[in-house]
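Every heavy atom of this structure was used, including side-chain atoms; hydrogens, water molecules and symmetry mates were not. Since the structure is predicted, the reported quantities are computational estimates derived from the model, not experimental observations.
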Amino acid sequence: MPAPRLFARAGGIVLLGAALLAAPPTAQAATPSALTDVVPVPASVTATGTTFTLTSTAAIFADAGASGVANSLAAILRPSTGYALPVQTASGTPASGISLLLSGADSSVGAQGYQLDTDAAKVVLRAQTAAGLFAGVQTLRQILPAQIEAATVQSGPWTAPGTHIVDHPRFAYRGAMLDTGRHFFPVATVKRYIDELALYKVNYLHLHLSDDQGWRIVVDAWPRLATYGGSTQVGGGAGGYYTKADYTDLVAYAAARFITVVPEIDMPGHTNAALASYGELTCNGVAPALYTGTDVGFSSLCTSKDSVYTFVNNVLTELAAITPGAYLHIGGDEASTLSTSQYTTFVNRVQPMVPALGKTVIGWHQIAQGQASPGRVLQFWDTTTSDASVTAAVNAGAKVLMSPANKAYLDMKYTNATPLGQDWAGLIEVQTAYGWNPGTYLSGVAEASVLGVEAPLWTETIVTLDNIEYMAFPRLPAIAELGWSPWSTHDWNVFKTRLGAQAPRWGIMGIDFYRSPQVPWRAAGSRYEAENATLVNASVATNHTGYSGSGFVDYVNATGGYVEFTVSSATARTATVTFRYANGTTANRAMTVRLNGTVVSSALAFNGTGSWDTWQNQTLSVNLVAGTNTIRATANTTTGGPNLDYADIP
């Protein structure tokens, strides 16, 4: 994995697309994106056959209440385009540029969804709330070329395919958790992760702020929690903690990206850092030593002491005062030293403190053993698919947040060879992370009782930003799609191609990621649009939908027509060419493919796709030479070749 990178940039609300990289990318022509590249996949997408081009004279028009989102969009677009893109007050009917409007959206979008319309003249984004507009901006980013994320001026053109999108989330809660207890992460690192979450429409960040190895938030009534309890971490490093100003800054930074911070104080177990700071929280009054290992289940607050509940109430009160979000997470897992009676006594005394502070309880699913609390949320993390106590709690009104460890834990290794992470819950390759249904996963829990899905990242082995990114990507976008997209769109074979299309964007943004062999990763600059190739007895057309770029190539109804791509390669190598095509007939429109004049396939099959608006892929292996190559696809049949969209050559 590469070394950590610089990522801060001064001024305004700036998402990750405008981050400074240690070595800024050189200017390069922008490769068009396709509607089929978007993650999470929208609920409804209709291609219109037009192409929008962002120009240097364009403006961003915003309704009152949408200016913050408009400014964040401008901050993404300006560095890469070099355009001024002034933000102006919207008025009248949109006619040009980009409009962000809080009226006119389809009624199905709800509070978090949006409607996105692009045509040759304009982009119009509509929603009922600013949060919905922000979600739509993330889709707009992904249908613009990946180079739009660059921190330096690129050459364009800045095109987006014409479309009508109506989109809204499946679940209201789509979260990620970062464990700061095992290893402490500075504010800047957490902000970077927030930016990465925002691109995939994640709207909750769960911060695990205490554990055996470290206490990470200042509590004025108990100052040694941070100054002593926060002084180390796994492996014995320096640790650290967030001041209240730090925490407030993080909360505000996340809120500007429509992400709500959920703070967790884990208890009664996972509390060695607190016990080491204040011996009176133990039953024998003796403070244990600070702990830098990775064992679990050995520590607990003394559940029989009233002073412990004073402590808990002090902590929750101070945390609630600086947390505008609705939830306080009280932990509750792996309290192995307590009897069931001791554990339930603790939960039953602590749970009521949270609604008394105007908040809703979230806890790991073991808190189901305690009495019901109004609207409480159980975060399910087990590797089983049933739990009687969770089912009983749901029947009493609880909601469930799905985080099964063998599906959603981002700290699990991808394979046995993964240099980071653990494997106690199993290996989680990308297909495993994507291949489960949060709405039906837990027996006895109907989808209506599922609040959403969250991807936790425990950090026993995670030390740097680079480590975070490598373990989160590409699984985080997979789980984000489970939370956002309707289950009817769930298809691994389609998803893996959309996921692979994210690679050039991540490269430009400086995101490290695991290149899973399960995913066909697209290389930066690897797509060659057919409409830009050399054409003989073929022409550019736009009369069908779903194509990439500004059009596709329509062969004449005769043999001999061809499309010839010019491809550069830094080295001699074997490459896979992926042709994207449509064939609305049932007949095979076979083509001869030549590389540098030599036939590599005399009859490459391009079978029917069912419709001229339905696009499929055909692949071929070729041996490129170092330097310039030509790849020519010539029609073999009297009906000509298929409609050809592009050739992708990583």
Side-chain angles (χ1 to χ4, degrees), residues 4-16 19-20 175-198 202-211 213-234 237-267 270 273-274 277 290 314-331 357 359 456-459 462-469 472:
R5 299 159 301 278
L6 297 174
F7 53 90
R9 192 168 86 87
I13 298 173
V14 181
L15 297 184
L16 183 59
L20 287 176
M177 187 215 79
L178 182 62
D179 168 19
T180 67
R182 272 50 178 268
H183 280 101
F184 177 73
F185 299 97
V187 168
T189 298
V190 181
K191 286 182 175 180
R192 165 83 172 197
Y193 197 42
I194 288 169
D195 283 334
E196 295 169 353
L197 299 177
V202 171
N203 64 341
Y204 283 89
L205 174 62
H206 168 184
L207 288 177
H208 185 78
L209 292 170
S210 68
D211 216 295
Q213 298 84 354
W215 185 284
R216 306 304 183 197
I217 183 69
V218 165
V219 177
D220 293 334
W222 301 78
R224 276 175 56 84
L225 291 172
T227 58
Y228 184 69
S231 65
T232 192
Q233 59 187 13
V234 168
Y241 60 86
Y242 304 113
T243 66
K244 287 187 174 179
D246 290 335
Y247 179 81
T248 300
D249 181 34
L250 282 174
V251 168
Y253 190 89
R257 291 142 182 84
F258 298 90
I259 293 175
T260 299
V261 171
V262 178
E264 179 192 355
I265 301 298
D266 205 352
M267 52 188 168
H270 289 275
S277 303
L290 291 170
N314 290 161
V315 170
L316 293 178
T317 298
E318 291 195 30
L319 198 54
I322 55 176
T323 301
Y327 300 109
L328 291 183
H329 200 303
I330 61 171
L357 294 168
K359 305 295 183 183
L457 179 55
W458 301 102
T459 63
I462 309 303
V463 182
T464 66
L465 168 65
D466 216 56
N467 296 163
I468 292 172
E469 291 176 343

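- Val202 approaches Ala176 most closely through the heavy-atom pair CG1-N, 4.0 Å.
- A ring pair (Phe, Tyr, Trp, His ring centres under 6.0 Å) with Trp458 is found for exactly one of His206, His183, His208, namely His208.
- Take Asp266 and apply the salt bridge (Lys or Arg N to Asp or Glu O under 4.0 Å) test, not counting sequence neighbours, and it matches no residue.
- A side-chain donor-acceptor contact under 3.5 Å links Glu318 to the backbone of Ala221.
- Not one N or O on the side chain of Thr232 forms a donor-acceptor pair closer than 3.5 Å with the backbone of Ala238.
- Scanning both residues, Ala198 and Ile259, for their nearest heavy atoms gives N-CD1, 4.1 Å.
- In terms of modelled atom types and a separation under 3.5 Å, the side chain of Arg192 and the main chain of Ala188 share no donor-acceptor contact.
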Checklist entry - What's the verdict on side chain to side chain contact (heavy atoms under 4.5 Å, CB included) for Thr180 and Leu209, showing C-alpha distance, side-chain angles and the deciding distance? => result CA-CA 6 Å; Thr180 67; Leu209 292 170; 3.9 Å; yes

Next on the checklist: Please evaluate residues Val190 and Leu205 with respect to the criterion side chain to side chain contact (heavy atoms under 4.5 Å, CB included), reporting the C-alpha separation (whole Å), side-chain torsions for both, the decisive distance (0.1 Å), and the verdict.
Outcome noted: CA-CA 10 Å; Val190 181; Leu205 174 62; 4.0 Å; yes

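- Put simply, the side chain of Ile217 does not reach to within 4.5 Å of the side chain of Pro263, judged on heavy atoms.
- At distances below 3.5 Å, at least one donor-acceptor pair connects side-chain atoms of Asp246 with backbone N or O atoms of Thr243.
- Between Ser277 and Leu225, the shortest heavy-atom distance links the atoms OG-CA, 3.8 Å.
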Item to check | Stepwise side chain to side chain contact (heavy atoms under 4.5 Å, CB included) test for Tyr204 and Leu197 | outcome: CA-CA 9 Å; Tyr204 283 89; Leu197 299 177; over 6 Å; no

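- For the pair Thr459 (side chain) and Asp179 (backbone), a donor-acceptor distance under 3.5 Å is present.
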Next on the checklist: Run the side chain to side chain contact (heavy atoms under 4.5 Å, CB included) test on Tyr193 and Phe185 for me, step by step, so that the C-alpha distance in whole Å, both residues' side-chain angles and the decisive distance to 0.1 Å come before the verdict.
Outcome noted: CA-CA 11 Å; Tyr193 197 42; Phe185 299 97; over 6 Å; no

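- The minimum heavy-atom distance between Thr323 and Leu319, with the atom names listed, is OG1-O, 2.8 Å.
- Here the side chains of Val261 and Tyr247 are in contact, with some heavy-atom distance below 4.5 Å.
- Judged purely by atom type and a 3.5 angstrom limit, Arg216 uses its side chain to pair as donor or acceptor with the backbone of Gly240.
- A donor-acceptor pair is defined here as one N or O able to donate and one able to accept, closer than 3.5 Å; no such pair exists between the side chain of Lys359 and the backbone of Leu316.
- Scored by the side chain to side chain contact (heavy atoms under 4.5 Å, CB included) test, Thr248 finds Ile322 as partners (sequence neighbours excluded).
- Looking only at distances, no side-chain donor or acceptor of Glu264 sits under 3.5 Å from a matching main-chain atom of His329.
- Every side chain to side chain contact (heavy atoms under 4.5 Å, CB included) that Ala273 has, sequence neighbours left out, goes to Trp215.
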